[in-house]
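Here is the structure we will look at.
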Amino acid sequence: MTPKKLKPEDLLPEPVRPEAWECCGSDCGDACIQTIYWNEKAAYDAQQKQWQAQLAEEAAVQTGGTDKAV
């Protein structure tokens, strides 16, 4: 199945990495700000990869699919 075509307004904002002092050190599990950050970062990175592939595909279609140097 083809992934849903992304629109600019669908893009996730890049997450901000928390500072070390923001962690309480209580081993919060899934509620830990570090865990939340890394999960959000993984989702952001995957979406950015999909977005870049989509842009490249659209550019190839606009140029007639000939993106090779002559």
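Heavy-atom basis, side chains included; hydrogens, waters and symmetry copies ignored. These numbers come from a predicted model, not from an experiment.
- Under the side-chain hydrogen bond (donor to acceptor under 3.5 Å, both in side chains) criterion, Glu58 pairs with Lys5, Gln54, not counting sequence neighbours.
- Within 6.0 Å of CD in Gln34 there are more than 12 heavy atoms belonging to other residues, nucleotides or ligands.
- Residue Leu55 is grouped with residue Leu6 when hydrophobic side chains (ILVMFWY) are merged at heavy-atom distances under 4.5 angstrom, including chains of intermediate members.
- Contact record, Leu12 with Gln47: N-OE1, 2.6 Å, taken as the closest heavy-atom pair.
- By the 6.0 Å contact criterion, CG on Asp27 is open, its count of non-hydrogen atoms from other residues, nucleotides or ligands being 12 or less.
- No side-chain heavy atom of Pro15 sits under 4.5 Å from any side-chain heavy atom of Trp38.
- Residues Lys41 and Asp45 are paired through a salt bridge, judged by an N-O separation under 4.0 Å between the basic side chain and the carboxylate.
- No donor-acceptor distance shorter than 3.5 angstrom exists from the side chain of Glu22 to the backbone of Ile33, with no hydrogens or angles considered.
- Within the 3.5 Å criterion, the main-chain N or O of Glu14 finds no donor-acceptor partner in the side chain of Gln48.
- To the nearest 0.5 angstrom, Tyr37 atom OH is 10.0 Å from Tyr44 atom OH.
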